[in-house]
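Taking it in order: structure first as structure tokens, then the write-up.
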Amino acid sequence: MRKQLMKGNEAIVRSAILAGCRAFYGYPITPASEITEAAALYLPQVGGVFLQAESEVAAINMLYGASSAGVRCMTASSGPGISLMQEGISYMAGAELPCVIADITRGGPGLGNIASEQGDYHQVVKGGGNGNYRTLVLAPNSAQEMADLTAWAFDLADRYRNPVVVLADGFVGQMMEPVAFPRSAVAPRLPGWAVAGTQESRGNLITSLHMEANALEAHVRKLETKYREAERNETRSEAWCTEDAEIVLVGYGIVGRILKAVTAEARAEGLRVGVLRPITLYPFPTAQFERLARRARVFVVVEMSNGQLLEDVKLALNGARPVEFLNRMGGNVPSHDEVFAFVRELAARMGLETAAAEEQMAHV
Amino acid sequence: MNAERQDRGLLRVNEEECKGCGLCVEACPPKAIAMGERMNHYGYRTAMYKGSGCTACGICFLVCPEPGAITVLRTVKRMVAALQTETGVAACASN
Amino acid sequence: MSSESIAEYEVAYAKPKAFYERYERKEELQHATHYCPGCGHGTVHKMLARAIDDLGIKDRTILVGPVGCSVFTYYYFDVGNVQAAHGRASAVATAMKRSHPGSVVVSYQGDGDLSAIGSAEILHAANRGENITVIFVNNAVYSMTGGQAAPTTLIGQKTTTTPDGRNPLNEGYPLRVSELLATLEAPVYIERVGLGDNKQVAHADRAIRRAMENQVRGLGFSLIEVLSPCPTIWKMKPVDAQRWVREEMEKTFPLGVYRDRTKDATPRPMPKTAPALEALPGILGIDGDEDLAEDAVCATDAAIDLRVRVAGFGGQGVLLLGEVLAEAGLDAGLEVSWLPSYGPEMRSGTSNCHVRLAHEPIDSPLVTAPNVLIAMNEPSLRKFDANVQPGGWVIYNGEEFPPDCARQDVHVLARPFTQIADALGDARAANMVMLGALLEMTPGLPQASIDAALRRLVKNPKWVELDECALTRGRELAREVLQEVLQEV
């Protein structure tokens, strides 16, 4: 299939439909509205349901209904809307209902602004709703990954019977890049636990309520078992020039792309720089950090938020290596030049020789 | 045997289900239900059919908040001593 | 009764089959409900169960339970059960019905759930005319949480949160949901019934059955509001609570039919059958006729590493210019990215985009140091001029290049592109004249790719023709300047 130039937001919807998504309940918000608009265009044409809800609260509860009914379903929003959806996300995790939520982040807190930021990390990765649950979180950095990770998100959601969030910044949602899609579409399939208004499904029950203390504890332990399994099997990250890296730059989404560009230039100057880009933010690719920590001297977290990714990197490294931090917020992007300057300064401060300098030393 | 003296219906109270709210006593048009003296094992005094007067109108069944606490039977106007039929149950009209 | 009389009986009224025989999901006391003696919920449950039995829809029925005393509806009803968040039952029911239009979906909600926290969800479900049945149990109080005030609490009624009685100046007036929803166009049937006496009870039973039947017939939204006793919270004997429904609640909430379009309503159309899976790529517009392999040979040998920033006012075709360039690059087998100006500036009338074309996979799509800047007006030039890479190009839409923007280390093509485009037929083609200039300056993109991109993005043939002229004109203008540059060298 020929690659087509399209926005990440448009790629999400096409990929979702090919992955068997047949329901979209949403509420418009910049910068996620293209997703809702594309869903409005395509879902009715493929025998699916599109409905613009009265609020994000209603939208996520409609997903609760659609998912209870056994339909692969999704919604899309941005920070303030995701906040409103936290109620339903908690209920869906509790009731073990799969769904996919695209969060195309914007500036916050509050109304913030509509520029690209990564301040939703905490509310999405740590779970903003009540109770003992997690959401699986995937962080694409290109239009192609918007498509690929959305398809994967539907599989993960079904496998773990849990909401999965595709967390992308506004840039990844808005930018156009060539995207290729799978040639074949996934046929919708009704899971056995669904409540479908049929004789076979009559005995099924969807609820997050467990009145008795032991019953709720057992339920939460069951959820925990799933999360441990996801931690074992589903972590993903992209390592770039890390084999001999002394400085490992860490960033997700659009930041990961900037870090690659910086790495290319830093390498040209002989600095041993690499990039570790988490693709799954939960489960977090802890093992990769542990592996790279063996060689790396220092990690540099670059994010468009106030140290939210930083916390997870520190947890993953558990003190094994120092962690430096560079961030921009409010819609500012850590520029290539500013990251590069930071890396140069850090290398000098830590006395990290460039490869070229070392070679010279070796010759002397 | 006098067919005209035969009650049109009969009701049964499931004492295990009855919570003794008394709505059926209030509702029964011919006043054929009363609160019994006995307590069930939850400590509710339960309703009881007085033994006669039921017209099988079913209003006691409808007002009763428990799904199966009251069953109302309608007398089939045939004086046949069958024990069981496909659609109905035969019962002895005694308390 | 004489000893020799043996009568034959048939069951006239017995526990409906829509109830479980035994309530196995309950922890204990599995043969009785959890409701207090005299609670209206049990009565309403029974009516709903009878309707399900009568209509023969037990297998098809999905019951959406609320938060409140009736949170445990799934203990009792032998149907498909879904328990919803507080107030959201009608939103959940909406999606369940739309997912399975052949099912019969009941949203069972109390007055705190439906008329307070779920007021938006019920209003919009009703307004959309969702083909669901809503059973709204109104007992004027939050019961499960211990007797706090509800929107339906009567004036003067004491609750734990209105200790001196509801005062309209503080809590407003009792919310009349049935009347409110009856102002909407879509609902088919709305009736308020009561459990205040035998007559009311018998009528409520019929109303609930009708509301269910409407859905089976596909007619649309039905809601039955049931004034229902809560002896425990009201601190009354059940019989007195029943009387209070009749004598007090009814004054504020008059019984009656508020909407009945059952006779005129036509069944809502069933959704169209889904297309075959094979048809999906076509529908989604991703079944491209050209079947290029992933590693398609790049159509150009020229070393291309374009980092372009295009900027101007909204309406000048800034984004389209960038898109045509990116699309052409893709057609030529290059790696490309296009990123629109994004953020607050999008709303202030200016527009810009970042475009990259390269042989290697593109690391960052953000172009902070462009090697070509296309500035379609002066503010855009001033904003981005300083960041142009040394040796790069600035293509500026203006009679004269502002002297204070002049740099020694970049090439400049400044022309009144808008007027030039106007002369060609439409001032709006200025973007394509400028793109033509860019293409001439950075050779390597095959003309066929540019033509293909233009045809893919510009649907109107008249505009394609004009844009082609514009591109050609741009190339001519660029050639003139290139001559000068070469001579300088």
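Here is the naming used below: chain letters follow the sequence lines, and residue numbers restart at 1 for every chain. What you are looking at is a predicted structure, and each value in this text was computed from that prediction instead of being measured.
Of the charged side-chain nitrogens involved, at least one lies within less than 4.0 Å of a carboxylate oxygen, so that C/D78 and A/R202 count as a salt-bridged pair. The existence of a salt bridge linking A/E54 and C/R128 is confirmed by a sub-4.0 Å separation between a basic side-chain nitrogen and an acidic carboxylate oxygen.
Ranked by non-hydrogen atom pairs under 4.5 Å with chain A, the options C/H354, C/H100, C/R356, C/H86 are led by C/H100. Contacts with chain C were tallied for A/V57, A/V13, A/V179; A/V57 has the most, counting heavy-atom pairs under 4.5 Å. Heavy-atom pairs under 4.5 Å with chain C peak, among A/G48, A/A187, A/A59, A/A53, at A/A187. Interface summary for chain C: among A/I60, A/I17, A/L41, the most heavy-atom pairs under 4.5 angstrom belong to A/I17. Comparing A/K260, A/Q199, A/R22 by heavy-atom pairs within less than 4.5 Å of chain C, the highest count is held by A/Q199. Interface summary for chain A: among C/K272, C/E335, C/E327, the most heavy-atom pairs under 4.5 angstrom belong to C/E327. Each of C/S103, C/A91, C/A274 has some count of heavy-atom pairs under 4.5 Å with chain A, and the biggest count is that of C/A91. By number of non-hydrogen pairs under 4.5 angstrom with chain C, the leading residue of A/N141, A/V186, A/L209 is A/L209. Contact count versus chain C (heavy atoms, under 4.5 Å) is highest, among A/R14, A/M62, A/M176, for A/M176. Between chain A and the residues C/A93, C/S99, C/A85, the most heavy-atom pairs under 4.5 angstrom are made by C/A85. Per-residue heavy-atom pair counts under 4.5 Å with chain A were compared for C/V336, C/V355, C/N127, C/T368, and the maximum is reached by C/V336.
Within the 4.5 angstrom heavy-atom criterion, atoms from both the backbone and the side chain of C/I362 approach chain A. In this structure, chain A has heavy atoms under 4.5 Å from both the backbone and the side chain of C/L284. With a threshold of 4.5 angstrom between heavy atoms, A/E212 approaches chain C through side-chain atoms but not through N, CA, C or O. For C/K97, no part lies near chain A; criterion is any non-hydrogen pair under 4.5 Å. Both the backbone and the side chain of A/A196 have a heavy atom closer than 4.5 Å to some heavy atom of chain C. Both the backbone and the side chain of C/P365 come within less than 4.5 Å of a heavy atom of chain A. Contact of A/L51 with chain C is made through the side chain alone, with heavy-atom distances under 4.5 Å. The contact between A/V46 and chain C is made by backbone and side chain atoms together, counting heavy-atom distances below 4.5 Å. With a 4.5 angstrom heavy-atom cutoff, A/L190 touches chain C only via side-chain atoms. Only the side chain of A/V333 has a heavy atom closer than 4.5 Å to any heavy atom of chain C. Of the two parts of A/E87, only the side chain, counted from C-beta on, holds a non-hydrogen atom closer than 4.5 Å to a non-hydrogen atom of chain C. Heavy-atom distances place no part of C/E278 under 4.5 Å from chain A, backbone and side chain included.
The backbone N or O of C/A369 lies less than 3.5 Å from no partner atom in the side chain of C/R309, so there is not a single donor-acceptor pair. A/N204 contributes a side-chain N or O that, together with a main-chain N or O of A/A194, makes up a donor-acceptor pair within less than 3.5 Å. No donor-acceptor pair closer than 3.5 Å links the side chain of A/T207 to the backbone N or O of C/Q83.
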Tell me, with the steps shown, if A/S142 and A/Q144 meet side-chain hydrogen bond (donor to acceptor under 3.5 Å, both in side chains).
-> CA-CA 5 Å; A/S142 64; A/Q144 183 65 58; over 6 Å; no
Candidate pair A/L97 and A/S68, rule side-chain contact (heavy atoms from CB on, under 4.5 Å), full reasoning | CA-CA 7 Å; A/L97 291 173; A/S68 296; 3.5 Å; yes
Apply the test side-chain contact (heavy atoms from CB on, under 4.5 Å) to residues A/F50 and A/Q45: give CA-CA distance (whole Å), side-chain angles for both, the deciding distance (0.1 Å), then the verdict.
-> CA-CA 10 Å; A/F50 169 83; A/Q45 295 183 51; over 6 Å; no
List the steps, then state whether side-chain contact (heavy atoms from CB on, under 4.5 Å) holds for A/R106 with A/L111.
-> CA-CA 9 Å; A/R106 53 186 264 173; A/L111 208 45; 3.8 Å; yes
Could you please spell out the steps behind the side-chain contact (heavy atoms from CB on, under 4.5 Å) verdict for C/F384 and C/N352?
-> CA-CA 10 Å; C/F384 299 110; C/N352 75 78; 3.7 Å; yes
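A/P31 and A/N9 make their closest contact through O-ND2, 3.0 Å (heavy atoms, listed as atom of the first residue, atom of the second, distance).
Summarising the geometry, atom CE belonging to A/M6 is positioned 12.0 Å from atom CD1 belonging to A/I12; distances are rounded to the nearest 0.5 Å.
With respect to A/R257, the salt bridge (charged side-chain N to carboxylate O under 4.0 Å, His left out) criterion is satisfied by exactly one of A/E145, A/E177, A/E238: A/E177.
Taking the six-membered ring where tryptophan is involved, the planes of A/Y91 and A/Y64 are perpendicular, since the angle between them exceeds 60° and thus also 30°. Using bins of under 30°, 30° to 60° and over 60° for the plane-to-plane angle, the ring pair C/F72/C/Y74 lands in the perpendicular bin.
Contacts with chain A (heavy atom to heavy atom, under 4.5 Å) involve these residues of residues 18-30 of chain C, listed by number: C/R25, C/E27.
Dense packing is recorded around CH2 of A/W193, with more than 12 heavy atoms of other residues, nucleotides or ligands lying under 6.0 Å away.
Inspection of the A/S201 and A/T198 side chains reveals an N or O donor paired with an N or O acceptor under 3.5 Å.
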